[in-house]
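The structure presented is a predicted model; accordingly, all values stated were derived computationally and were not measured.
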Amino acid sequence: MLADCDEADVLVEHRVLQLASGSPFLVQADFAFQTKMLVLLGLEYMSCGDFDQFLRMKGRLDIPSARFYAAELVCGIQFLHSKGIVHRDLKPENILVAETGHVKITDFGLALENMLGDRTATEYAGTKGYVAPEMLAEEEYGVGVDWYSFGVILNEMITSQCTYHPALFDTTRSGAGNIIKKLLQRDPAKRLGVHGNIRGHHFFQHIDWVSVEALRMPPPHIPVPSTPQRCARRFNLDRMEAAAAKKGPLPSKDQAIFRGFSFVTR
């Protein structure tokens, strides 16, 4: 990890996971700790897979179902942005499904911190098909990149396609086509989420946001959790440490990078 200069990404994920306890729509970290050779993050167990698997199984979602998941994602994204965090890699694979049927955003390894106000960045990050046009053009960007990715995900929920085709929405009065069009606006300054009130859009007119944030809105689908292994393997830290030690001792200056890494949330 240190050879690949990934320690900064690990520390960012560590800090974001500590903040995640403030939102039920972000995957929670139960603990983190470091040894002389290892850094470990312990996350809550999400037994129903990711949203990509869910969409492959369900196919196109009806509008009420898509609206429910979209509302929960809006809450999660807005919480991150309120803390100055841009996710930069929102996609169905980075949304996990809980046994209760609610969804949670995960994988903060590419997240940017301190993105409050008009602060921008230029580094490329993300997954092809979900990356905003300003990032592809190597222009400065801000929180709008997450709203563009969210627009692609919402389009995928309803049409099973990443690419937006207006004709697919001609027969609906739900506002789905309009909100996706506004989320995929090429100009980030005019993009919904950055510009305007996304919660007030016609697509969300039947959403009680207080109930959503309190997890009182019943999910449209209750998934079947995966069957745990009958004989779970024991977590053997000594064996992991021994394997890592074969690569050579970690210098004290590198160990110091992770000082204070440990925490327990409950």
*Side-chain donor or acceptor of Ser149 paired with backbone N/O of Tyr130 under 3.5 Å*: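 Checking the backbone N and O of Tyr130 against the side chain of Ser149, a donor-acceptor pair under 3.5 Å is found.
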
_Please check: side-chain N/O of His221 versus main-chain N/O of Pro223, any donor-acceptor pairing under 3.5 Å?_
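The answer is no, because no donor-acceptor pair under 3.5 Å joins these two groups.
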
Roughly how far, to the nearest 0.5 Å, is the [atom2] atom of [Y] from the [atom1] atom of [X]?
X: Leu43; Y: Lys104; atom1: CG; atom2: NZ; value: 11.0 Å
X: Leu19; Y: His14; atom1: CG; atom2: NE2; value: 10.5 Å
X: Tyr141; Y: Asp146; atom1: OH; atom2: CG; value: 10.0 Å
X: Phe150; Y: Ile198; atom1: CZ; atom2: CD1; value: 5.0 Å

If I compare all heavy atoms of [X] with all of [Y], which pair ends up nearest, and what's the gap?
X: Thr122; Y: Glu140; result: CG2-CG, 3.7 Å
X: Pro218; Y: Phe68; result: O-CE1, 3.8 Å
X: Met115; Y: Ala121; result: CE-N, 4.0 Å

_Flag for Ser262-Gln34: side-chain donor and acceptor within less than 3.5 Å_ =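 Yes.
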
*Going by the angle between their ring planes, with limits at 30° and 60°, are Tyr69 and Phe54 parallel, tilted or perpendicular?*
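Taking Phe54 first and then Tyr69, their aromatic rings stand perpendicular (interplane angle over 60°).
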
_Quick test of your reading: applying side-chain hydrogen bond (donor to acceptor under 3.5 Å, both in side chains), list the pairs with at least one residue in residues 188-197, sequence neighbours left out, ordered by first then second residue._
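Those involving residues 188-197 are Glu134-Arg191.
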
